2 protein chains.
Amino acid sequence: MAENAADRGATSEGRPTRPDLAAMIVPLGRALVAAEQPILDAHGLTMWAYSVLLHLDETPIRTQAALAEAIRADKTRIIAVLDDLESRELIRRQPDPEDRRVRLLSLTAEGRRLRDAVQTAIQQGEERLLARLPAADRAGFLKGLQALSTLPELTRGRGPSAS
Amino acid sequence: MAENAADRGATSEGRPTRPDLAAMIVPLGRALVAAEQPILDAHGLTMWAYSVLLHLDETPIRTQAALAEAIRADKTRIIAVLDDLESRELIRRQPDPEDRRVRLLSLTAEGRRLRDAVQTAIQQGEERLLARLPAADRAGFLKGLQALSTLPELTRGRGPSAS
DNA sequence: TATTGTTATACTCTATAACTATA
DNA sequence: TATAGTTATAGAGTATAACAATA
């Protein structure tokens with residue numbers, strides 16, 4: 001209970017001792033996205049399209065609405081993205097024979113190849129950045145980041161609440 | 001040179017072993033901002049207004065354009081924000097006697113008081129999240145985050161390049 | 001003429017609402 | 001009638017361009 005202030009960030013005492021998390025994380029996120037952009041451009045992918053490829057690779061999915069929710073996008077927003085990916089034969093979008101309203105979504109072999117190429121390039125860029133951290137901090141940073149980004153109260157925070 | 005793959009994220013080998021940094025950091029940033037929102041609302045501040053208060057507190061600043069650049073906002077975007085903060089006497093905005101085109105910006109005592117109250121509340125919320133990390137990871141996470149967010153190639157990445 | 005701040009305009013992104021087809 | 005997907009419309013947020021004041 002009695003940890004020291006340097007560890008916890010002086011909360012109950014006077015002035016804070018570190019910048020707000022959001023003030024560090026949001027700009028960092030923007031910078032990472034900006035760094036990805038040239039790679040995505042080179043492969044003709046938008047961020048949303050890349051996000052779709054990433055998510056379909058993990059789990060083929062049954063409805064577009066479910067996919068949209070999984071990547072935290074509006075269902076109307078991914079339609080043009082799916083149109084494009086399908087026309088380039090990077091994904092399959094087939095009506096479910098058992099309920100022809102729903103579209104079964106999955107990745108093609110070509111789609112998986114592209115996804116791998118892009119992700120490898122992106123993570124190589126990221127590794128260049130991480131390499132500038134002391135090894136101990138880097139490991140802790142990654143562990144902490146992965147732990148935080150899987151906390152349910154963060155991941156689920158934004159659902160369509162009541163009604 | 002020969003660190004193992006678990007440490008570095010398998011870059012030159014097959015499939016990546018962790019999610020993309022951006023895929024973890026951007027949603028985390030969104031969640032943190034969403035968590036701040038009720039606190040800001042309670043004090044009648046927008047995120048941009050809070051950002052202005054934060055930055056002026058550290059260093060009183062000479063021109064609005066410089067402030068805008070510092071918080072990575074468009075110079076036209078902060079004008080309404082400054083109007084509001086000035087009318088509530090949270091900041092001062094005085095023409096510089098030596099060059100009456102420029103506005104000298106500084107925080108009032110009331111502005112500092114509000115800033116402290118809001119930041120304390122925000123960081124208390126953040127500490128609740130960080131408390132869920134193992135202590136070792138939390139320290140590494142914070143150190144790594146602070147190191148990354150002060151890297152110049154990230155902070156400066158988006159300047160109005162050439163011309 | 002160059003620069004600071006401001007206002008007015010246009011554009012991009014996103015969400016809401018209306019529509020089609022299946023059930 | 002309810003749901004999946006689509007299309008059309010409107011709104012928020014942002015940047016670009018034109019303007020006024022000062023140097």
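None of these values were measured; they are calculated from a predicted model. Any value given below was found using the heavy atoms of this structure, including those in side chains, with hydrogens, waters and symmetry copies removed.
Here A/D74 lies in heavy-atom contact (under 4.0 Å) with a base.
Atom CZ in A/R30 sits roughly 14 Å away from atom P in D/dG13 (whole-Å rounding). Straight-line distance from the CG atom of B/L104 to the P atom of C/dT4: 13 Å, rounded to whole Å. Separating the CD atom of A/E86 from the P atom of D/dG5 is a distance of 13 Å, rounded to the nearest angstrom. A straight line from CD1 of B/I61 to C1' of C/dG5 spans 15 Å, rounded to a whole angstrom. Following rounding to the nearest Å, B/R62 (CZ) and C/dT3 (C1') show an atom-to-atom distance of 12 Å. Rounded to a whole Å, the CZ atom of B/R100 is 15 Å from the C1' atom of C/dT3. The distance from atom CD of A/E98 to atom C1' of D/dA4 is 16 Å, rounded to the nearest whole Å. The separation between A/I79 atom CD1 and C/dT14 atom P is 15 Å, rounded to whole Å.
The nucleotide whose nearest atom lies closest to any side-chain atom of B/T63 is, among D/dT7, D/dT14, C/dG5, C/dG5. Among D/dA23, C/dA17, C/dT6, the nucleotide with an atom closest to any side-chain atom of B/D99 is D/dA23. Proximity note for B/Q64 (side chain, C-beta onward) versus D/dA23, C/dT6, D/dT14: the nearest is C/dT6. Here the nucleotide nearest the side chain of A/R103, chosen from D/dA4, D/dG5, D/dA23, is D/dG5. With D/dG5, C/dA15, C/dT4 as the candidates, the nucleotide lying closest to the side chain of B/V102 is C/dT4. With D/dA15, D/dG5, C/dT6 as the choices, the nucleotide that has an atom nearest any side-chain atom of B/R77 turns out to be D/dA15.
Exactly one of B/L142, B/L129, B/I122 qualifies for a side chain to side chain contact (heavy atoms under 4.5 Å, CB included) with A/L21. That residue is B/L142.
One N or O donor and one acceptor, one from the side chain of B/R101 and one from the base of C/dT3, sit under 3.5 Å apart.
Between B/R18 and A/E126 there is a salt bridge, since a side-chain N of the basic residue sits under 4.0 Å from a carboxylate O of the acidic one. Checked for salt-bridge contact, B/R112 and B/D57 meet the test: a charged N lies under 4.0 Å from a carboxylate O.
Using a 4.5 Å cut-off on side-chain heavy atoms (C-beta onward), B/L82 and B/L67 make contact.
Within a 6.0 Å radius of CD in A/E89, other residues, nucleotides and ligands contribute 12 heavy atoms or fewer.
Between B/R93 and C/dT6, a side-chain N or O to OP1/OP2 separation shorter than 4.0 Å is present. Contact between the side-chain N/O atoms of A/W48 and the OP1/OP2 oxygens of C/dC13 is not found at any separation under 4.0 Å.
Across the interface with DNA chain C, nearest-nucleotide mapping of B/D83 and A/A73 shows B/D83 to be the residue nearer the 5′ end.
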